[in-house]
Amino acid sequence: MNIGYLSTIYHTSFILKSPDNKFLDSIGVDLNWTLFPTGPAMMEAFKSGEIDIGYIGLPPVMIGIDKGLKLKCVAGGHVEGTVMISRDSFSSFDDLNNLDNVLKQFEGRNIGTPAQGSIHDVIIRDLIQDRDISIINYPWADFIPSAIQTGEIAAGLGTPALATVASREINSKLIIPPSKLWPYNPSYGIVVREELLNQDPDFIKNFLTEHEAACNFIRNQPHDAAEVAAGELGGIDVEFILETFQISPRYCASLPEEYIRSTLDFVSVLQKLGYMEKKIKKEDVFELKFIQEVHPEPSHYYLPSYVVDPEN
C-alpha cells in the first residue's frame with residue numbers, strides 16, 4: 001500500500017511509520033510512505049494512482065470528489081488544526097474578544113497561507129469575505145515566518161507547528177486560536193481510494209485500529225509520542241513537538257457528527273470560492289462502517305487532562 005502524508009507533526013503517520021514502535025507489525029502489508037507539501041499536491045497523487053491512502057484535510061478531498069475522484073474518508077484524526085499568527089504588535093483575539101476587530105487590523109495588508117484549496121486557505125478566504133485583504137499562497141508553510149519577518153505579509157495561517165516555529169524564529173504570537181477560526185474543522189482525516197473498500201476491507205480495519213491506537217498514544221502519552229515523532233523528523237527537538245501538540249490537542253480517529261457537520265459546512269464556501277461546483281453530500285465524502293467498528297465508543301475529541309483549556 002502506498003500512503004501519502006504531510007509534514008504535520010501531530011499526524012499519526014510519524015508514529016506509525018517509525019521503526020521504533022510495533023504499531024503496524026501485525027498488518028502484514030508492505031507500506032510505502034511518500035511526503036507531500038500540501039493537501040492539493042496529494043490530490044494530484046491520488047489522481048495519478050500514485051497513492052492508495054492519504055493523511056489530508058477534508059476540503060481538498062471534497063474538491064477532488066467534485067472533479068470525479070473516487071475517494072472516501074474512513075476516519076478522523078484531529079480537529080481545529082488551523083491557527084493564525086502575526087507579529088506581537090498586533091492585537092489578538094484574547095485582547096479584543098471579537099473576530100471582526102482582529103481582522104480589521106489587516107485591511108490593506110497581505111495574509112499568507114498554504115496552497116489554494118488547502119483547509120487553511122479556504123478558512124481565511126471565507127473569513128475575510130469582502131475585506132480589503134489580499135491572500136498570498138505559499139507552496140510550503142515554512143515560508144510564512146520569513147515572509148512576516150520581511151513584511152511581505154502581515155499574518156499567516158497554517159498548522160499549530162507554524163505557531164511554534166514562528167514563536168522561535170520571529171517576534172510573533174497566536175492571533176486567532178484554532179477553535180475561533182472554524183470550530184471542529186476537520187484538520188485531517190484518513191482518506192482511501194474507493195475501490196479499497198471492497199478490495200481490501202481487512203487492511204482498512206487493521207490500519208484504522210493502529211491509527212486509533214496512535215491517536216491515543218499522542219493524547220495520553222504526549223512526551224513518549226513526541227520522542228517517536230522527533231526520531232522520525234530529525235532536527236526537531238521533543239520540546240518543540242510537545243509545544244505543538246498542546247496548541248490544539250484534540251486527537252481521535254472517530255468521525256462524530258460534529259466532525260461531519262463541520263466538514264459539510266465547507267461545501268457552500270468551496271462553491272462560493274469557485275473551488276467546486278456540485279452540492280456533495282455526507283455519503284459522497286464519508287464511509288463510516290470501518291471506524292464505527294474500530295471506535296464504537298463516543299469521540300475522544302476532548303482536551304486531555306494535561307492541557308489547561310485556553311477558553312476557561
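The analysis underlying the following values was restricted to heavy atoms, covering all of them including side chains, and did not include hydrogens, waters or symmetry mates.
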* Please report the C-alpha distance between Phe36 and Ile56 in whole Å, then the side-chain angles of each, then the deciding distance to 0.1 Å, and finally whether the side-chain contact (heavy atoms from CB on, under 4.5 Å) criterion is met. => CA-CA 10 Å; Phe36 291 90; Ile56 186 171; over 6 Å; no
* Minimum side-chain heavy-atom gap Tyr259-Phe286 below 4.5 Å -> yes
* To do: Tell me yes or no: between the side chains of Glu152 and Tyr138, is some donor less than 3.5 Å from an acceptor?
  => yes
* Asked: Less than 4.5 Å apart, any side-chain heavy atom of Arg109 and any of Phe90?
  -> yes
* Asked: Within the side chain of Asp224, is there an N or O that forms a donor-acceptor pair under 3.5 Å with the backbone of Gln221?
  -> no
* Asked: Taking NZ, NE, NH1 and NH2 as the nitrogens, is one of them in Asp66 or Lys278 under 4.0 Å from a carboxylate oxygen of the other?
  -> no
* Looking only at side chains, do Arg219 and His300 share a donor and an acceptor under 3.5 Å apart? -> yes
* Asn137 side chain to Pro114 backbone, donor-acceptor under 3.5 Å -> yes
* Only one of Ile153, Ile170, Val165 clears side chain to side chain contact (heavy atoms under 4.5 Å, CB included) with Ile144; which? -> Ile153
* Asked: When you measure from the side chain of Ser187 to the backbone N and O of His78, does any donor-acceptor pair fall under 3.5 Å?
  -> yes
* **Check: His120/Thr113 side-chain N/O donor and acceptor closer than 3.5 Å** => no
* Structure fact -> Closest non-hydrogen atoms of Ala226 and Leu242, given as atom of the first, atom of the second and distance, are CB-CG, 4.0 Å
* Asked: Any donor-acceptor pair under 3.5 Å linking the side chain of Asp284 with the backbone of Ile280?
  -> no
* To do: Find out whether Asp30 and Met1 are in side-chain contact, i.e. whether some heavy atom of one side chain is under 4.5 Å from a heavy atom of the other.
  => no
* To do: Report the relative orientation of the aromatic rings in Tyr188 and Tyr10; use parallel for angles under 30°, tilted for 30 to 60°, perpendicular for over 60°.
  => tilted
* Asked: Under a 4.5 Å cut-off applied to non-hydrogen side-chain atoms, are Ile119 and Leu58 in contact?
  -> no
* Determine, for Glu195 against Lys70, whether the closest basic-nitrogen to carboxylate-oxygen distance falls under 4.0 angstrom. => no
* Asked: Can Asp121 and Ser118 be counted as having a side-chain donor-acceptor contact under 3.5 angstrom?
  -> no
* To do: Applying salt bridge (charged side-chain N to carboxylate O under 4.0 Å, His left out), run through Asp94 and Lys173 and close with a yes or a no.
  => CA-CA 11 Å; Asp94 287 343; Lys173 67 180 180 182; over 6 Å; no
* Asked: With a 4.5 Å limit on heavy-atom distance, are the side chains of Ile204 and Leu197 in contact?
  -> yes
* Without hydrogens or angle criteria, can the side chains of Ser172 and Ser167 be said to hold a donor-acceptor pair below 3.5 Å? -> no
* **Spacing of CD belonging to Glu232 relative to OG belonging to Ser13, to within rounding of 0.5 Å** => 9.0 Å
* Under 3.5 Å, is there a donor-acceptor pair between the side chain of Glu212 and the main chain of Ala253? -> yes
* Is a donor on one side and an acceptor on the other found under 3.5 Å between the side chain of Ser86 and the backbone of Ala154? -> yes
* Under a 4.5 Å cut-off applied to non-hydrogen side-chain atoms, are Leu208 and Val74 in contact? -> yes
* With no hydrogens and no angle check, is any side-chain donor or acceptor of Asn206 less than 3.5 Å from a backbone partner on Asp202? -> yes
* Using 30° and 60° as the class limits, which term best fits the ring planes of Trp182 and Phe266: parallel, tilted or perpendicular? -> parallel
* Asked: How about Glu293: does its CD atom have over 12 heavy atoms from other parts shown lying under 6.0 Å from it?
  -> no
* To do: For Tyr251 and Phe245, indicate whether the former's side chain and the latter's backbone hold a donor-acceptor pair under 3.5 Å.
  => yes
* Asked: Under 4.5 Å between any side-chain heavy atoms of Ile123 and Asn185, yes or no?
  -> yes
* Heavy atoms from other residues, nucleotides or ligands near CD of Glu258 exceed 12 (cutoff 6.0 Å) -> yes
* May I ask you to check whether Tyr275 and Arg125 show a side-chain donor-acceptor distance below 3.5 Å? => yes
* **Basic-acidic side-chain contact under 4.0 Å: Arg168, Glu239** => no
* Consider only side-chain N and O atoms of Tyr55 and Thr12, and report whether a donor and an acceptor are under 3.5 Å apart. => yes
* Asked: Got a sec, which residues hit salt bridge (Lys or Arg N to Asp or Glu O under 4.0 Å) with Asp126, two or more places apart in sequence or on another chain?
  -> Lys272
* Asked: With no hydrogens and no angle check, is any side-chain donor or acceptor of Asp95 less than 3.5 Å from a backbone partner on Ser92?
  -> yes
* Is there side-chain contact between Pro60 and Pro40, with heavy atoms separated by less than 4.5 Å? -> yes
* **Lys104 and Asp132 ion-paired at < 4.0 Å** => no
* Asked: With distance as the sole test, does Ser262 use its side chain to make a donor-acceptor pair with the main-chain N or O of Tyr184 at under 3.5 Å?
  -> yes
